[in-house]
Amino acid sequence: MGSERNGSPEARGQLNQAATTADLFNQYRGLLFAIAYRMMGSGTDAEDIVQEAFVRWLQASSEEVQSPKAYLSAVVMRLCIDQVRSARAQRELYVGPWLPEPIPTGQHQELVDNVVLTESLSFAFLIMLQRLKPLERAVFLLREVFDYDYTEIAEIVGKSEANCRQVLHRAHQQVGEQPPRFAVSHEQQERITYQFIQASTSGDMQGLLKLLTDDIVFTADGGGKVQAARNSLYGADKATRGMLGGMSKLPSGIQGRIEEINGQPAIIGYVDGHVYGVVLLEIVAEQVRRIYMILNPDKLGRLNSLPM
């Protein structure tokens with residue numbers, strides 16, 4: 001009876017092998033999600049791609065997997081490239097501005113455990129990546145963010161090393177010269193975010209104007225499911241009036257809390273304990289240069305409701 005309950009030696013061996021395979025995959029799960037999220041700008045799509053990679057990992061032969069990291073990175077990146085090409089067509093039908101899906105990082109330090117990873121989670125960086133073609137985006141990320149060497153990159157994307165160098169050069173030309181970075185500490189971000197929420201919730205237009213750069217850009221993503229500005233608003237006066245006007249239409253009783261999203265303090269709005277929207281600020285030299293508001297409910301599912 002005991003042997004029947006535990007199965008044959010062959011069956012137990014297969015189970016042990018499957019468990020070992022799953023454990024090995026889990027060592028790379030965080031890296032794979034980090035790559036897929038930056039490629040897609042969507043945590044939901046990234047999770048689906050990582051899960052598909054796991055299925056393929058279980059089905060792969062030992063001959064196919066010379067290096068688990070290289071094999072899994074290649075599977076995830078190729079799935080991402082295919083999906084990015086499909087998403088480009090869907091994006092043309094998207095209602096209003098598109099913004100990435102915000103992800104909570106307070107409990108996922110593997111996503112932000114160094115400066116480069118943290119900066120590459122910013123909305124400014126993720127939106128910049130949208131200007132790149134799928135292959136350019138893949139090579140740019142693997143080289144500039146995840147520090148793969150050209151031999152690894154060539155194997156992952158199925159191109160020669162020389163071609164990968166050319167692709168990276170084109171990617172740099174596409175994104176152009178990035179504006180100089182001004183180091184902003186986590187404490188500065190939190191303080192200015194708090195000042196922002198105080199001024200905006202009290203309707204203090206002058207207080208808001210003092211926090212904004214002259215070239216401020218306000219972008220709201222409602223996806224056609226929640227009322228939001230159909231175009232980005234440029235300049236301090238238009239951005240402030242548009243934002244305050246939009247906030248006046250928010251549900252009554254909305255509560256704002258500061259939590260860590262995409263590696264930085266952000267404002268999460270709750271209605272009856274459920275997430276209604278997220279506001280992220282791009283801060284430069286003590287002022288806000290970009291305001292991103294995500295209201296599309298399809299992009300808020302990864303955020304937790306308030307405990308009751």
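With hydrogens and angles ignored, the 3.5 Å screen pairs no side-chain donor or acceptor of S73 with any backbone N or O of A70. Without hydrogens or angle criteria, E260 side chain to P265 main chain gives no donor-acceptor distance under 3.5 Å. Without hydrogens or angle criteria, R143 side chain to Y148 main chain gives a donor-acceptor distance under 3.5 Å. A donor-acceptor pair under 3.5 Å links the side-chain atoms of R38 to the main chain of A34, judged by distance alone. Checking side-chain atoms of K299 against main-chain N and O of L99 turns up a donor-acceptor pair under 3.5 Å. For the pair E152 (side chain) and D149 (backbone), a donor-acceptor distance under 3.5 Å is present. Between the side chain of R131 and the backbone N or O of V175, at least one donor-acceptor pair lies under 3.5 Å. Using modelled atom types, no side-chain atom of Q264 and backbone atom of Q189 make a donor-acceptor pair closer than 3.5 Å.
A pairwise comparison of heavy atoms in I294 and P102 identifies CG2-CD, 4.0 Å as the closest pair. Between L233 and G242, the shortest heavy-atom contact is CD1-CA, 3.6 Å. Smallest separation of non-hydrogen atoms from S232 and P97: N-CG, 4.3 Å. Across all non-hydrogen atoms, the minimal contact from Y37 to L121 is CE2-CD2, 3.5 Å. The nearest pair of heavy atoms linking C164 to V157 is SG-CG2, 3.7 Å. Across all their heavy atoms, L126 and P100 have their closest contact at CB-CG, 3.8 Å.
I81 and L72 end up in the same hydrophobic cluster when Ile, Leu, Val, Met, Phe, Trp and Tyr side chains are linked at under 4.5 Å. Hydrophobic clustering (side-chain heavy atoms under 4.5 Å, transitive across Ile, Leu, Val, Met, Phe, Trp, Tyr) keeps L280 apart from V217. By the rule that hydrophobic residues join a cluster once side-chain heavy atoms approach within less than 4.5 Å of another member, L58 and F25 end up as members of one cluster. V226 and V95 end up in different hydrophobic clusters when Ile, Leu, Val, Met, Phe, Trp and Tyr side chains are linked at under 4.5 Å. When hydrophobic clusters are built by joining Ile, Leu, Val, Met, Phe, Trp and Tyr residues whose side-chain heavy atoms come closer than 4.5 Å, directly or via intermediates, F146 is grouped together with M40.
Residue T240 holds its OG1 atom at 4.0 Å from CG of L209, rounded to the nearest 0.5 Å. To the nearest 0.5 Å, atom CG of residue L141 and atom CE of residue M77 are 6.0 Å apart. Here the straight-line distance linking atom CD1 of I156 with atom OH of Y71 works out to 13.0 Å at 0.5 Å rounding. Atom CG in D221 sits 7.5 Å away from atom CG in L295 (nearest 0.5 Å). Taking CG from L212 and CG from D237, the interatomic distance works out to 10.5 Å, rounded to the nearest 0.5 Å. Atoms OG1 and CD1, on T105 and I103 in that order, are 6.5 Å from each other to the nearest 0.5 Å.
At least one side-chain heavy atom of R302 sits under 4.5 Å from a side-chain heavy atom of E47. No side-chain heavy atom of V288 sits less than 4.5 Å from a side-chain heavy atom of T213. Side-chain contact between V184 and V284 is absent, with no heavy-atom pair separated by less than 4.5 Å. Side-chain contact between V279 and Y292 is absent, with no heavy atoms from C-beta onward closer than 4.5 Å. For the pair S86 and D82, the minimum side-chain heavy-atom distance is 4.5 Å or more. Contact check for Y270 versus I254: no side-chain heavy atoms found under the 4.5 Å cut-off. Residues I283 and Q188 form no side-chain contact, since every pair of their non-hydrogen atoms from C-beta on lies 4.5 Å or further apart. At least one side-chain heavy atom of I261 sits less than 4.5 Å from a side-chain heavy atom of L303.
With a 6.0 Å radius and a threshold of 12 heavy atoms from other residues, nucleotides or ligands, D214 has its CG atom at or below the threshold. Around the CG atom of N231, the shell of radius 6.0 Å holds no more than 12 heavy atoms that belong to other residues, nucleotides or ligands. Within 6.0 Å of the CZ atom in R29, the count of heavy atoms belonging to other residues, nucleotides or ligands exceeds 12. Around the OH atom of Y194, the shell of radius 6.0 Å holds no more than 12 heavy atoms that belong to other residues, nucleotides or ligands. In the displayed structure, R230 atom CZ is contacted under 6.0 Å by at most 12 heavy atoms of other residues, nucleotides or ligands. Atom NE2 of H186 has more than 12 heavy atoms from other residues, nucleotides or ligands within 6.0 Å.
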Using side-chain contact (heavy atoms from CB on, under 4.5 Å), reason through Y94 and N296 one step at a time and then give a plain yes or no.
CA-CA 11 Å; Y94 196 81; N296 184 344; 2.8 Å; yes

side-chain contact (heavy atoms from CB on, under 4.5 Å) evaluation trace for F123 with E282
CA-CA 8 Å; F123 268 37; E282 181 184 330; over 6 Å; no

Full working for side-chain contact (heavy atoms from CB on, under 4.5 Å) between K69 and Q27:
CA-CA 9 Å; K69 179 183 177 183; Q27 292 180 26; over 6 Å; no

Would you please test L208 and M243 for side-chain contact (heavy atoms from CB on, under 4.5 Å) and show each step?
CA-CA 10 Å; L208 266 180; M243 186 178 60; 3.4 Å; yes

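We find that E286 and R191 are joined by a salt bridge, their nearest charged nitrogen and carboxylate oxygen being less than 4.0 Å apart. Remark: R56 engages E52 in a salt bridge, criterion side-chain N to carboxylate O under 4.0 Å.
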